[in-house]
Amino acid sequence: MATLDDTARVPRAAARREVIPSSLVGMAIFVGTEVMFFAGLISAFTISKAGAPRDAWNLPSGQMLPLAATAVNTIALLLSGVLVWVASRQIRARSASASQTLLAGVLLGALFVVLQGREWLGLISRGVTLWSSSLGAFFYVIVGAHAVHAVCAIAALAVAWWRLRAGTLTSGFLIGARTFWYFVVLIWPVIYGRVYF
């Protein structure tokens with residue numbers, strides 16, 4: 001026979017489970033595996049570079065990676081992360097401007113990917129390929145893996161924006177999409193600082 005204490009415990013246990021949304025737990029596990037993936041790539045890059053002759057890391061014809069242009073792209077990406085954070089707060093506050101803020105974050109993220117793609121085309125046209133040098137190979141693998149993650153996260157944010165406009169956005173979906181985007185935004189300065197310099 002259930003006592004008053006037994007029935008009182010059930011709602012508290014259910015409330016505890018709702019404190020951390022399953023979408024956040026699932027995305028946190030996914031992001032944790034992706035952190036390990038990028039840590040492995042960056043570690044392989046660092047170890048290979050340390051053990052290789054210096055000329056093995058030169059790009060063809062004295063080419064350099066586009067540091068300044070990528071710095072501008074990085075600013076666009078970081079601003080996108082800030083806008084997504086602001087939009088999340090606006091959505092919780094039921095602000096009418098949340099949709100525009102989220103869209104601006106999505107567009108800045110897309111701008112980052114487009115500008116990175118333009119840099120890749122410029123490098124390829126100057127002979128920097130996967131096979132041109134060790135640096136070229138690592139560059140395209142690491143930065144390319146980040147680009148794939150960025151495109152997927154932008155797609156998730158675009159769906160969140162669409163659902164917000166339609167009035168069907170759930171907090172779980174938004175939490176998952178923005179957590180993935182924060183990962184993409186925050187891993188990039190590590191990649192930029194390690195691979196480009």
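Atom set for the values below is all heavy atoms of this structure, side chains included, hydrogens, waters and symmetry mates excluded. The structure presented is a predicted model; accordingly, all values stated were derived computationally and were not measured.
- Under the rule for a side-chain contact (heavy atoms from CB on, under 4.5 Å), the partners of Ser95 that lie at least two apart in sequence or sit in another chain are Gln90, Ser97.
- Met36 belongs to no hydrophobic cluster, as no Ile, Leu, Val, Met, Phe, Trp or Tyr side chain comes under 4.5 Å of its own.
- No continuous path of hydrophobic side-chain contacts links Val25 to Val31 [ILVMFWY only; heavy atoms under 4.5 Å].
- Contact detail for Ile175 and Pro21: the closest heavy-atom pair is CD1-CG, 3.6 Å.
- No side-chain heavy atom of Met27 sits under 4.5 Å from any side-chain heavy atom of Leu24.
- In terms of heavy atoms, Trp181 sits closest to Ala150 at CZ3-O, 3.8 Å.
- Not counting sequence neighbours, the partners of Trp57 by the ring pair (Phe, Tyr, Trp, His ring centres under 6.0 Å) test are Phe45, Phe138.
- Side-chain heavy atoms closer than 4.5 Å link hydrophobic residues (I, L, V, M, F, W, Y) into clusters, and following such links, even through other members, never connects Val72 to Leu77.
- The CZ atom of Phe173 lies 9.5 Å from the OG1 atom of Thr168; values are rounded to the nearest 0.5 Å.
- Looking at every heavy atom in both residues, Ala158 comes nearest to Val106 through N-CG2, 4.1 Å.
- In this structure, Thr179 and Ser23 have side chains that are not in contact, with every pair of non-hydrogen atoms separated by 4.5 Å or more.
- Taking every heavy atom of both residues into account, Ser132 and Gly127 meet most closely at CB-O, 3.3 Å.
- Applying the side-chain contact (heavy atoms from CB on, under 4.5 Å) test to Ser125 and every residue at least two apart in sequence or in another chain returns nothing.
- Of the inter-residue distances, the one linking Leu65 atom CG with Leu135 atom CG reads 5.0 Å to the nearest 0.5 angstrom.
- Residue pairs meeting the side-chain hydrogen bond (donor to acceptor under 3.5 Å, both in side chains) criterion with at least one partner in residues 25-50, sequence neighbours excluded, are Glu34-His149, Thr46-Arg194.
- Under the 4.5 Å side-chain heavy-atom criterion for ILVMFWY residues, a single connected hydrophobic cluster contains both Leu67 and Ile42.
- Residue pairs meeting the side-chain hydrogen bond (donor to acceptor under 3.5 Å, both in side chains) criterion with at least one partner in residues 133-144, sequence neighbours excluded, do not occur; the list is empty.
- In this view, Thr70 and Pro66, Thr74, Gln116, Glu119, Trp188, Tyr192, Tyr196 satisfy the side-chain contact (heavy atoms from CB on, under 4.5 Å) rule, not counting sequence neighbours.
- Through ILVMFWY side-chain contacts below 4.5 Å, Leu186 is grouped with nothing and stands alone.
- Looking at His146, its side chain does come within 3.5 Å of a backbone N or O of Val184 through a donor-acceptor pair.
- In this structure, the side-chain hydrogen bond (donor to acceptor under 3.5 Å, both in side chains) partners of Ser99, at least two apart in sequence or on a different chain, are Trp161.
- With Ser80 contributing its side chain and Gly105 its backbone, the two residues share a donor-acceptor pair below 3.5 Å.
- Other cluster members for Val114: none, since no ILVMFWY side-chain heavy atom sits under 4.5 Å from it.
- Nearest heavy-atom pair, Phe112 versus Asn73, reported as atom, atom and distance to 0.1 Å: CD1-O, 3.2 Å.
- Taken from CG in Leu174 to CZ in Arg163, the straight-line distance is 11.0 Å, to the nearest 0.5 Å.
- Side-chain contact between Leu123 and Phe139 is present, with at least one heavy-atom pair separated by less than 4.5 Å.
- Distance CZ/Phe180 to CD1/Ile154: 10.0 Å, rounded to 0.5 Å.
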Would Trp120 and Val128 count as a side-chain contact (heavy atoms from CB on, under 4.5 Å) if you check the C-alpha gap in whole Å, the side-chain angles of each, and the deciding distance to 0.1 Å? CA-CA 9 Å; Trp120 276 37; Val128 179; over 6 Å; no

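- For Leu41, the side-chain contact (heavy atoms from CB on, under 4.5 Å) partners at least two apart in sequence or on another chain are Phe37, Phe38, Val141, Ile142, Ala145.
- Rounding to the nearest 0.5 Å places CD1 of Ile124 at 8.5 Å from CG of Leu130.
- Sparse packing is recorded around CZ of Arg89, with 12 or fewer heavy atoms of other residues, nucleotides or ligands lying under 6.0 Å away.
- Cluster partners of Leu83, using a side-chain heavy-atom cutoff of under 4.5 Å among ILVMFWY residues and allowing indirect links, are Ile75, Leu79, Leu108, Leu111, Leu115.
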